[in-house]
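Hydrogens, waters and symmetry mates play no part in the numbers below; they use all other heavy atoms, side chains included.
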Amino acid sequence: LATHSVALLRGLVEGCPDVTILRLTRTGNTTLIQPVPAEIASALARSPVLASQHALDGLFRDGAILVSGVEDCLLYETVANQFLDAGNLRFLHAHGACNLGALTKILRRANIPTCVIAELDVLQTETGFSELVQAVTGDPPPAPWLATRERLAKQVEGLFSERELSASTHEVESFLEQFQRGTSSE
């Protein structure tokens, strides 16, 4: 059975847990046939984060762009569609940086070319960082990458103490008061 219907594919995956899916990708005169493991198809269709975003549709796209949050997803998709004509890409969010690695692994095992756009919070834990690097590259991060992650995490960790944030807040409030006094006298 050949289809371009996400609804039909979703029904098959939900109704027959061991369904065999073959993803066909055509480049020029070459057609690549890649199997999608049944457990991965099931994850695309049933994972709350992926299913709610219709990730199964990614099987019919050129690739997927995975970002941390909903707002990021909306922003990147809007910009890409407006300036890059990225209509055949599926934009997905991971519902937090902590899920980027696991979801990337699922998308890649489904043979969906996947690009991850991550923010600095991906560096917070070595485990999350390592999981993401392994999901993207297929290999664990090299020792120099881990050392750099550690240095960056330490630099950022104490950067914004409560006292510094309070002082910055006071400065902004003071500036706004001055600004309001200056504009109200005109």
Side-chain angles (χ1 to χ4, degrees), residues 2-14 17 19-28 30-125 127-141 145 149 152-153 156:
T3 186
H4 282 272
S5 169
V6 178
L8 176 63
L9 191 57
R10 183 176 293 112
L12 288 171
V13 169
E14 290 176 3
V19 68
T20 300
I21 297 174
L22 300 174
R23 183 172 192 269
L24 279 64
T25 308
R26 188 158 178 82
T27 306
T30 306
T31 301
L32 181 63
I33 301 171
Q34 299 171 300
V36 177
E39 71 275 7
I40 297 302
S42 179
L44 288 172
R46 294 184 178 149
S47 159
V49 173
L50 292 173
S52 66
Q53 300 178 75
H54 308 290
L56 205 53
D57 178 57
L59 292 171
F60 301 109
R61 303 289 184 114
D62 291 335
I65 309 293
L66 182 63
V67 300
S68 294
V70 177
E71 296 85 4
D72 300 326
C73 191
L74 292 171
L75 174 72
Y76 287 118
E77 184 172 14
T78 300
V79 170
N81 286 332
Q82 185 170 355
F83 296 106
L84 302 175
D85 189 31
N88 205 28
L89 294 173
R90 188 75 180 136
F91 286 80
L92 303 165
H93 70 83
H95 196 60
C98 59
N99 298 320
L100 285 170
L103 297 183
T104 300
K105 188 175 180 179
I106 292 169
L107 294 169
R108 293 238 170 176
R109 289 209 44 223
N111 298 304
I112 300 171
T114 304
C115 172
V116 177
I117 301 173
E119 297 173 354
L120 282 177
D121 54 350
V122 76
L123 300 173
Q124 284 181 329
T125 67
T127 303
F129 176 73
S130 296
E131 184 180 48
L132 178 58
V133 170
Q134 179 124 18
V136 170
T137 67
D139 295 314
W145 290 18
R149 187 220 62 86
L152 288 170
V156 174

How close do Ser5 and Leu8 get, heavy atom to heavy atom, and via which atoms?
OG-N, 3.0 Å
Would you say Leu32 has more than 12 foreign heavy atoms packed within less than 6.0 Å of its CG?
yes
Are Glu77 and Ile65 side-chain neighbours, meaning at least one heavy-atom pair lies under 4.5 Å?
no
Which heavy-atom pair separates Leu44 from Ala55 by the least distance, and what is that distance?
CD2-CB, 4.0 Å
How long is the span from the CG atom in Leu123 to the CZ atom in Arg149, to the nearest 0.5 Å?
7.0 Å
Could you state the interatomic distance from CG (Leu152) to CZ (Phe129), rounded to the nearest 0.5 Å?
9.0 Å
Side-chain heavy atoms of Ile106 within contact of Leu50, under 4.5 Å
yes
With rounding to the nearest 0.5 Å, note down the distance linking CG in Leu66 to OG1 in Thr104.
4.5 Å
Does the Ser42 side chain pair with the main chain of Ala38, one donor and one acceptor, at a distance under 3.5 Å?
no
To the nearest 0.5 Å, tell me how far Ser47 OG sits from Leu103 CG.
6.0 Å
Could you pull out every donor-acceptor pair under 3.5 Å between side chains of residues 20-27 and any protein atom, sequence neighbours left out?
{"unit_1": "Arg23", "atom_1": "NE", "unit_2": "Leu59", "atom_2": "O", "d": "3.1"}
{"unit_1": "Arg23", "atom_1": "NH1", "unit_2": "Thr25", "atom_2": "OG1", "d": "3.1"}
{"unit_1": "Arg23", "atom_1": "NH1", "unit_2": "Asn111", "atom_2": "O", "d": "3.0"}
{"unit_1": "Arg23", "atom_1": "NH2", "unit_2": "Arg61", "atom_2": "O", "d": "2.5"}
{"unit_1": "Arg26", "atom_1": "NH1", "unit_2": "Thr31", "atom_2": "OG1", "d": "2.5"}

So how far is it from Leu75 CG to Phe91 CZ, rounded to the nearest 0.5 Å?
10.0 Å
I need the full list of ring pair (Phe, Tyr, Trp, His ring centres under 6.0 Å) pairs touching residues 35-54, with sequence neighbours left out, sorted by first then second residue.
none
Is the side chain of Ser52 donor-acceptor paired with the backbone N or O of Val49 at a distance under 3.5 Å, no angle test?
yes
Using the side-chain contact (heavy atoms from CB on, under 4.5 Å) definition, which of the options Asp57, Leu56, Ile112, Leu107 pairs with Arg90?
Asp57
What pair of heavy atoms forms the shortest contact from Ser130 to Pro141, and how long is it?
OG-CG, 3.6 Å
Shortest non-hydrogen contact from Ala45 toward Ala51
O-CB, 3.1 Å
Ignoring hydrogens, what is the shortest heavy-atom contact between Thr3 and Phe60? Give both atom names and the distance.
O-CE2, 3.1 Å
Quick one: does any side-chain atom of Arg108 pair with a main-chain N or O of Val136 as donor and acceptor, under 3.5 Å?
yes
Pair listing, salt bridge (charged side-chain N to carboxylate O under 4.0 Å, His left out) test, anchored in residues 127-139, at least two apart:
none
Just by distance, do the side chain of Gln53 and the backbone of His93 share a donor-acceptor pair under 3.5 Å?
yes
Looking at CG of Leu100 and CG of Asp121, how far apart are the two atoms once the value is rounded to the nearest 0.5 Å?
8.0 Å
Any Leu132 side-chain heavy atom under 4.5 Å of Val116 side chain:
yes
